[in-house]
Amino acid sequence: MGAGWEGQAACRGLDPALFYPAKEQAEQVKRARAVCEECPVRKACLAAALADENGLGPSGREGVRGGLTGRERYLLERGQLKPVRRAARKPRTAPRKGWPAPMDREHGTPRGARQHWKYNELVCDACRAAYNAWQSSHRANWETSNCHRAVLPEDLRRRVEELLSAGHSDWSVHRETGVARGTIARYRRKLSNGAAV
């Protein structure tokens, strides 16, 4: 490195491959940006990169230089991107007023997963596994118990089937029997398919 600003760069001595990530390596871009965030000569590096790449298209600009990717430097040069200093977000040390602290969550339970979602947190693995197990058992019970379907008494079911077979509309069957139109539509579909209701 030269005696100029390059000698003060934070990337001095690091593997240059870190700053030339593959197209789908978002994590590597984040690590490269993290180094650039702490660099005391970041602005000089960005100015040198823009001077070197003057007139190149976005595909001709490679690597992370001055904290920006090649495409971002292209947009900056065209005036479509303003350089933004990405400040690291400080973790919240205390919960918001009225919110229970993260350690008060009922970890490993479905309720714990709902607490994470309520307070806009990442769901821990124990809570996610407990919630998924509860959901699958609840769904199996729900489907086997037929509680989601209206089960009509035998005489009413026969009357609905008679009216539908006679060609009455769902609305007229509803007016005569008082059965919900969604249930009537389900019976009509079953009758047209020839399956037992």
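These numbers were taken from a predicted model, which means no experiment stands behind them.
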Atom pair NZ (K190) and CG (L164), whose distance is rounded to the nearest 0.5 Å: 14.0 Å
Where do A9 and C39 come nearest, in terms of heavy atoms and distance? CA-SG, 3.9 Å
Hey, is CG on D15 packed in by over 12 heavy atoms from elsewhere, all under 6.0 Å? yes
Work out which heavy atom in V173 is nearest to a heavy atom in T177; give both atom names and the distance. O-OG1, 2.7 Å
Is a donor on one side and an acceptor on the other found under 3.5 Å between the side chain of R158 and the backbone of D155? no
Taking the side chain as C-beta and beyond, is there a heavy-atom pair between L122 and H116 under 4.5 Å? no
Determine, using the 4.5 Å side-chain heavy-atom cutoff (strictly less than), whether V35 and L46 are members of one ILVMFWY cluster. no
Validation row: Q115, K118 side chains within 4.5 angstrom (heavy atoms): no
Within the structure provided, determine whether Q28 and V64 are in side-chain contact (heavy-atom separation under 4.5 Å). no
What's the shortest heavy-atom distance between R181 and D170, and which atoms? CG-O, 4.2 Å
Would R33 and T69 count as a side-chain contact (heavy atoms from CB on, under 4.5 Å) here? Give the steps. CA-CA 9 Å; R33 284 187 204 266; T69 63; 3.5 Å; yes
Nearest heavy-atom contact between A130 and G108 is CB-O, 3.3 Å
Over all atoms of both residues, closest heavy-atom pair of S136 and A133: OG-O, 3.0 Å
Can you measure from CD (E161) to CG (L156) and round to the nearest 0.5 angstrom? 10.5 Å
Give a yes or no on whether V29 and L68 share a hydrophobic cluster (residues Ile, Leu, Val, Met, Phe, Trp, Tyr; joining criterion: side-chain heavy atoms under 4.5 Å apart). no
Quick one: pull up CZ in R188 and OG in S192 and give me the separation to the nearest 0.5 Å. 8.5 Å
Value for CZ (R111) from SG (C127), rounded to nearest 0.5 Å, stands at 11.5 Å
Side chains of F19 and R65: closer than 4.5 Å at any heavy-atom pair? no
Say you draw a straight line from CD of E53 to CD of E62; how long is it, rounded to the nearest 0.5 Å? 9.0 Å
Heavy-atom side-chain proximity of Y131 to R128 below 4.5 angstrom: no
Interatomic distance, R186 atom CZ to L191 atom CG [nearest 0.5 angstrom]: 11.0 Å
If two hydrophobic side chains count as joined below 4.5 Å and joins carry through other members, does W117 share a cluster with W134? yes
R159: salt bridge (Lys or Arg N to Asp or Glu O under 4.0 Å) partners, not counting sequence neighbours: E162, E176
